[in-house]
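Heavy atoms only: backbone and side chains are in, while hydrogens, waters and symmetry mates are out. By convention here, the first residue in the shown sequence is residue 1.
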Amino acid sequence: MSQYKSNSYPVDATQEQVFNRLSNPTILADKIEALPDDVKEKLSSVKFNPDSIVFNVPPVGEIKMVFSKVEAPHRLTIAPESSPVPFSMSIDIAATADGKASLATCIDVELNFFMKQMVGNKLNDGVDKIAEMLARLPYGE
């Protein structure tokens, strides 16, 4: 397995607030209504369930991501129910000295040498962008 880790990003919320929001995807569904129409349209095929997120990826079809491991309040691990490439993504939530939280993501993926050379840098960038986006979500509201 290859591992790709993001930088750590500060979050303007406590560790518990971040964990509670991310561990219940249905809360994210409520936030979609406040987004601009063009963004809502792009997310129209995404389904948020209490224990999973399902999205459509043409031409692959529907992919269901489920919580494979939940370690309150510091780590969530999600993985696809089935995938041609085995992978998982963990979200690490740490408490900081000021009572707030910091967040980082990590992807573990099974790649052969050639695939690693082709997509490794993209995965490094992607995992960092995911962490940065998650750190910007409104957790305290």
*Are L134 and V70 connected in a single hydrophobic cluster, I mean Ile/Leu/Val/Met/Phe/Trp/Tyr linked by side-chain heavy atoms less than 4.5 Å apart?*
yes

*Kindly indicate whether the side chain of L123, heavy atoms from C-beta on, has any atom under 4.5 Å from the side chain of L111.*
yes

*Could you check if a side-chain atom of I130 sits within less than 4.5 angstrom of a side-chain atom of M89, using non-hydrogen atoms only?*
yes

*Would you name the heavy atoms of A131 and T105 that are closest together and state the gap between them?*
CB-OG1, 3.5 Å

*asked:* I need the T77 OG1 to M65 CE distance, nearest 0.5 Å.
replied: 10.5 Å

*Please name the pair of heavy atoms, one in K5 and one in C106, separated by the smallest distance, quoted to 0.1 Å.*
CG-SG, 3.7 Å

*Spell out, yes or no, whether M115 and V85 are grouped together once hydrophobic residues are joined by side-chain heavy atoms under 4.5 Å, including indirect joins.*
yes

_Count I, L, V, M, F, W, Y as connected when their side-chain heavy atoms are under 4.5 Å apart, and connections chain through other members. Are I53 and V127 then in the same cluster?_
yes

_N24 side chain to T26 backbone, donor-acceptor under 3.5 Å_ = yes

*With side chains defined as the heavy atoms from C-beta onward, is the minimum distance between D128 and Y4 less than 4.5 Å?*
no

*Would you check if I91 and V18 make a side-chain contact, meaning some heavy-atom pair closer than 4.5 Å?*
no

_Close side-chain approach of V109 to V119, heavy-atom, < 4.5 Å_ = no

*Does D125 CG have over 12 foreign heavy atoms under 6.0 Å away?*
yes

*Are I63 and I78 joined in one hydrophobic group, where the rule is that I, L, V, M, F, W and Y side chains link up if heavy atoms are under 4.5 Å apart?*
yes

*Which value, rounded to the nearest 0.5 Å, describes the distance between S90 atom OG and K69 atom NZ?*
9.5 Å

*Grab the two heavy atoms, one from F67 and one from P50, that are nearest each other, plus how far apart they are.*
CE1-O, 4.2 Å

*Could you give the distance from CD (Q17) to CG (D12), rounded to the nearest 0.5 Å?*
9.0 Å

*asked:* Measuring from atom CD1 of I93 to atom CZ of R75, what distance do you get when rounded to the nearest 0.5 angstrom?
replied: 10.0 Å

_Point-to-point distance, once rounded to the nearest 0.5 Å, from OG of S8 to CG of D92_ = 9.0 Å

*Looking just at side-chain N and O atoms, do N20 and Y139 make a donor-acceptor pair shorter than 3.5 Å?*
no

_Looking at N121, I'd like to know if its CG atom is crowded, meaning that more than 12 non-hydrogen atoms belonging to other residues, nucleotides or ligands lie closer than 6.0 Å._
no

_Smallest separation among heavy atoms of A94 and Q15, with atom names_ = CA-NE2, 4.0 Å

*Once you round to the nearest 0.5 Å, how far does OG of S6 lie from CD1 of I107?*
9.5 Å

*Got a sec: does the CE of M133 have more than 12 other heavy atoms crowding it under 6.0 Å?*
yes

